[in-house]
Number of protein chains: 2
Amino acid sequence: MAPRNPVNHACPIRDVLDRVGDAWSVLVLSELAKGPCRFNALLRVVNGISQRMLSVTLRTLERDGMVSRRVLPLAPPQVEYALTDLGQSLFASLSALKDWATAHQPSVRAARSSYDARMAQPSAAA
Amino acid sequence: MAPRNPVNHACPIRDVLDRVGDAWSVLVLSELAKGPCRFNALLRVVNGISQRMLSVTLRTLERDGMVSRRVLPLAPPQVEYALTDLGQSLFASLSALKDWATAHQPSVRAARSSYDARMAQPSAAA
DNA sequence: TGTATCAAGTTACGAATGGTAACCAGATAC
DNA sequence: GTATCTGGTTACCATTCGTAACTTGATACA
C-alpha cells in the first residue's frame, strides 16, 4: 500500500502489487466492478472488512485514481464510490491472474500439504 | 505470505496475492525465471533483500510448489533454487499485470500527485 | 594446531504495518 | 432529549518486516 522500501522506485509491477497485494483492495475493486456503491453498503458486502480498513483502502484506491468519491448532498450525507476507467482496466488485467489462481489452486494446496508433511517428519528434516 | 484473516478460505485470487503481493516474491521469481540460482547469488542480484527475507521468501515459494531446492553435495554445500513448472506458469500469468503496470504507471503517478495536491490545499479539504 | 573464510542459513530484537474496538460529528426521527 | 443513521477517525494491540549479529560445518592457509 505504501512503499515498503527503496527497491520500488523503478519497478512498475511492484508499484502495482503494492496496492493490489494487500488483503482488501481486490475485494473492494471487485465489488465496485459490479457498480457504484456507498460506504456502509461496501462494509456489509465485503466480508470481514472493518470500517477503518475500508476507509484506508478506499482512500488509497482513490489516491491512485482507481476509484472516484462523490458526496451526495443529503442528510445524513451519503458517499458513493465508483470505479474509474483506470480502475476498471486494472480489474480486467487481474482476471488473468485470477484465472491462473483458479486453475492452479489445487496444485498449490497439494504442494503445501506435501511440504508440511515432509517437514513434520523429523527423519526427513535437514 | 501467511493467511491474514479468515476471508481467504475460498477466494483463489487472494490465495495467490497473499504469496505474490509481498515485496520480494516477484523479484525472486523473476530472477529464477532466468535460470537456476544459488542462495548467495540471489542475495547479490535481488537488490536490497536481506538474508532473512530471502530465506523466508524462498521457503514460502518452495512450500507452495513454485520453487525447487536442491542441495549440491559439495564442501561447503551449495543450494540451488529453480522455478518449477508451476512457478513458471505463475510468472507467465503475471506478465499481463506487468504489462498493465507498465502501461498505466504514468496515469497512477499523475492521479497520486493530483490527489496529494488537492489534499494539501486546506481550502479544498472536506 | 590454530585462525580465517565461505556457504547457507537462523535468532534476537526494534520498527513499521495491519487489524479491532471504541469513539465522534452532524443531522434527522421519535 | 434520546436514539439512529451516515461516514468516518483515534487509540491501541498483534503481527509482520527488516537489520544485524550469530551459527554450523567444512576446507584453506600459516
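Numbers restart at 1 for each chain; the letters A, B, ... are given by sequence-line order, proteins then strands. Please read these numbers as outputs of a predicted model, since none were measured by experiment.
Taking five base pairs at each end of the helix from dT1(C)-dA30(D) to dC30(C)-dG1(D), the local helix axes there meet at an angle of 30°, rounded to 10°.
The phosphate of dA7(C) has neither OP1 nor OP2 within less than 4.0 Å of any side-chain N or O from Tyr81(B). The phosphate of dG18(D) (OP1 or OP2) has a side-chain N or O of Trp24(B) nearer than 4.0 angstrom. Applying the 4.0 Å criterion to OP1 and OP2 of dA8(C), one finds that Arg44(B) has every side-chain N and O outside that range. Between dT10(C) and Ser55(B), a contact under 4.0 Å exists linking OP1 or OP2 to a side-chain N or O.
Between Leu27(A) atom CG and Asn47(A) atom CG the span is 9.0 Å, to the nearest 0.5 Å. The distance from atom OG of Ser107(A) to atom CG of Asp64(B), rounded to the nearest 0.5 Å, is 11.5 Å. Between the OH atom of Tyr81(B) and the CD atom of Glu31(B) there is a distance of 15.5 Å, given to the nearest 0.5 Å. Of the inter-residue distances, the one linking Arg63(B) atom CZ with Asp116(A) atom CG reads 4.0 Å to the nearest 0.5 angstrom.
In this structure, Phe39(A) places its CZ atom 15 Å from C1' of dA25(C), rounding to the nearest Å. When rounded to the nearest whole Å, the span between CZ of Arg59(B) and C1' of dT11(C) equals 13 Å. As rounded to whole Å, 14 Å separates atom P of dT17(C) from atom CE of Met53(B). Residue Leu72(A) contributes atom CG, which lies 16 Å from atom P of dA27(C) at whole-angstrom precision. Regarding Asp18(B), its CG atom lies at a distance of 13 Å from the C1' atom of dG18(C), rounded to whole Å. In this entry the distance linking CZ of Arg69(B) with C1' of dA8(C) reads 8 Å, nearest Å. For the pair Ile49(B) CD1 and dA8(C) P, the interatomic distance rounds to 14 Å; values are reported in whole Å. In this structure, CG of Leu43(A) is placed 10 Å from P of dT6(D), rounded to the nearest angstrom.
For Arg70(B), the salt bridge (charged side-chain N to carboxylate O under 4.0 Å, His left out) partners two or more places apart in sequence, or in a different chain, are Glu80(B).
Mapping Arg38(B) and Gln51(A) onto DNA chain C by nearest heavy atom places Arg38(B) closer to the 5' end of the strand. Where Pro76(A) and Ser50(A) each meet DNA chain C at their nearest nucleotide, the meeting point lying more 5' is that of Ser50(A).
With Ser95(A) contributing its side chain and Lys98(A) its backbone, the two residues share no donor-acceptor pair below 3.5 Å.
For the 3.5 Å distance criterion, the side chains of Ser113(B) and Arg109(B) fail to qualify, holding no donor opposite an acceptor.
Contacts of Arg52(A) with the nucleic acid, taken as non-hydrogen atoms under 4.0 Å apart, include base atoms.
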